[in-house]
Number of protein chains: 2
Amino acid sequence: MSNSKLYKGSLNTIILKLLNEHDKMYGYEITQKVKALTQGELNITEGALYPALHKLEAEGLLDVEVAKVDNRLRKYYKLTESGTKETVNKLEELAEYIKTMQTLMNPKLA
Amino acid sequence: MSNSKLYKGSLNTIILKLLNEHDKMYGYEITQKVKALTQGELNITEGALYPALHKLEAEGLLDVEVAKVDNRLRKYYKLTESGTKETVNKLEELAEYIKTMQTLMNPKLA
DNA sequence: AAATATACATAATTTTCTTATGTATAAGAT
DNA sequence: ATCTTATACATAAGAAAATTATGTATATTT
């Protein structure tokens, strides 16, 4: 994923936000999109991504739709209604996290 | 620590920065300082803190000095030279993390 | 006298990720 | 034609970081 441990716990937020933005995506597409957007900074590994997608689906935040393109399997994921709500929560949590960490790193301003 | 999973992986950064700011601190003091600075948002649990301090010490980033105050034990930790260097790295990593996540959350601006 | 705060510690478990491995098809390079 | 890389999924073993629970001990507040 990255040499920095700070990304631990961020994967679900990233997945949900990308699906919120792009309506429907498949796993491999997500890895490529993240790599492109971050200019290589962040590389989602398959061993992290696929279990995360399965868990989000099991929790009812994502729906799956299987497709065959060029004789190859694709599993398109999209947000459920509850997934859209959870995306909002995750974005709020990220904003709060950043605010809190900036407070801790810059205590003079607190 | 917090209901948000995003703090996973942030504890070392927080410890190092506090010690960089305050020169020497003991474990319990760190938990109270973090609680105060974040107004209760972040509560470092003992089960996370003490093993983290021991590990940072084992890695040579912290030095320990035992003291007895009011008949109670205190273990004061301070940064080693290598700990000070690592603090700079951690702060750079945090800045990079925030930048990357903001790019992902706000792709219009990328 | 009882409850809370101060101050340390560790063990069992859970969560999240890395690393390694596996299957299969398509496309590009030699 | 063959080899490598890319596309596309998956899981299993292990590591890392946290949670939750428990334990010890002293000081302070109710």
Side-chain angles (χ1 to χ4, degrees), chain A residues 1-16 24-36 40-59 61-62 64-77 90 93-94 97 101, chain B residues 1-16 24-36 40-59 61-62 64-77 90 93-94 97 101:
Chain A
M1 202 164 175
S2 159
N3 59 314
S4 167
K5 291 166 194 165
L6 294 170
Y7 290 95
K8 235 179 226 297
S10 309
L11 182 54
N12 285 347
T13 303
I14 293 169
I15 292 171
L16 292 175
K24 93 179 179 182
M25 297 181 86
Y26 55 101
Y28 185 76
E29 186 183 12
I30 291 175
T31 69
Q32 299 309 301
K33 178 62 80 177
V34 168
K35 194 188 293 186
E41 232 287 288
L42 199 55
N43 286 286
I44 309 289
T45 58
E46 295 159 303
L49 178 67
Y50 291 116
L53 287 172
H54 300 160
K55 188 157 183 255
L56 290 170
E57 188 202 344
E59 290 167 353
L61 303 183
L62 301 184
V64 195
E65 184 199 322
V66 179
K68 203 155 197 179
V69 178
D70 289 333
N71 205 34
R72 264 200 250 94
L73 190 74
R74 277 187 193 173
K75 287 195 172 178
Y76 282 99
Y77 290 91
K90 291 288 187 192
E93 279 181 16
L94 178 60
Y97 169 82
M101 289 301 283
Chain B
M1 202 165 178
S2 159
N3 59 316
S4 166
K5 291 166 192 164
L6 293 170
Y7 291 94
K8 251 176 215 295
S10 309
L11 182 55
N12 285 347
T13 303
I14 293 170
I15 291 171
L16 292 175
K24 96 180 177 181
M25 298 181 86
Y26 56 100
Y28 185 77
E29 186 184 12
I30 291 175
T31 68
Q32 299 309 300
K33 179 62 80 180
V34 168
K35 195 188 291 185
E41 231 289 287
L42 198 54
N43 287 285
I44 309 288
T45 59
E46 296 159 301
L49 178 67
Y50 292 116
L53 288 172
H54 300 161
K55 189 159 184 248
L56 289 169
E57 187 201 347
E59 290 167 355
L61 303 183
L62 301 185
V64 196
E65 184 198 323
V66 178
K68 204 156 197 180
V69 179
D70 288 333
N71 205 33
R72 263 200 249 94
L73 191 74
R74 276 186 194 173
K75 288 195 172 176
Y76 281 98
Y77 291 91
K90 291 289 187 190
E93 279 181 15
L94 179 60
Y97 168 82
M101 288 301 284

### Query
Listed by chain and number, what are the side chain to side chain contact (heavy atoms under 4.5 Å, CB included) partners of B:E46, not counting sequence neighbours?
B:Y50
#### Entry: Contact boundaries on DNA chain C for chain B, cut-off under 4.0 Å to non-hydrogen atoms
C:dA5 to C:dT16
### Summary
note: B:E46, atom CD; D:dT19, atom P; distance rounded to Å ~ 12 Å
### Message
To the closest 0.5 Å, what do you measure between CG (A:L56) and CG (A:L61)?
### Response
5.5 Å
### Task
Take B:S2 and A:Q32, find for each the nucleotide of DNA chain D with the closest heavy atom, and name the residue whose nucleotide sits nearer the 5' end.
A:Q32
### Message
Go nucleotide by nucleotide along DNA chain C from the 5' end; which of B:Y26 and A:V69 gets its closest nucleotide reached first?
### Response
B:Y26
### Task
Could you tell me whether the phosphate oxygens of D:dA27, OP1 or OP2, come under 4.0 Å of any side-chain nitrogen or oxygen in B:N71?
yes
### Task
Measure across A:L42 and A:V34 and return the closest heavy-atom pair with its distance rounded to 0.1 Å.
O-CG1, 3.6 Å
### Task
Please identify each residue that fulfils salt bridge (charged side-chain N to carboxylate O under 4.0 Å, His left out) with A:E59, with sequence neighbours left out.
A:K55
### Task
Assign a letter to each nucleotide of nucleotides 13-18 of chain D from its 5' end: B, base within under 4.0 Å of a protein heavy atom; S, sugar-phosphate only; -, no contact.
----SS
### Task
Taking all heavy atoms of B:Y77 and all of B:K75, pick out the closest pair and write down the distance.
CD1-O, 3.3 Å
Between N or O atoms, less than 3.5 Å apart, protein on one side and nucleotides 3-6 of chain D on the other: list the pairs.
none

List the atom pairs, with distances to 0.1 Å, where a side-chain N or O of residues 6-16 of chain A and a protein N or O form a donor-acceptor pair under 3.5 Å, not counting sequence neighbours.
| residue | atom | partner | partner atom | Å |
| --- | --- | --- | --- | --- |
| A:Y7 | OH | A:E41 | OE1 | 2.7 |
| A:Y7 | OH | B:T100 | OG1 | 3.3 |
| A:S10 | OG | A:Y7 | O | 3.0 |
| A:S10 | OG | B:Y97 | OH | 2.9 |

### Message
Give me the atom names and distance for the closest heavy-atom approach of A:E29 to A:K24.
### Response
OE1-O, 4.2 Å
### Query
Base, sugar-phosphate alone, or nothing: which one does A:E29 contact when heavy atoms must sit under 4.0 Å apart?
nothing
### Message
Within the 4.5 Å heavy-atom criterion, are B:N43 and B:M1 side-chain neighbours or not?
### Response
no
## Note on the structure
Minimal heavy-atom distance between A:P51 and A:A48, with the atoms involved, is CD-O, 3.7 Å
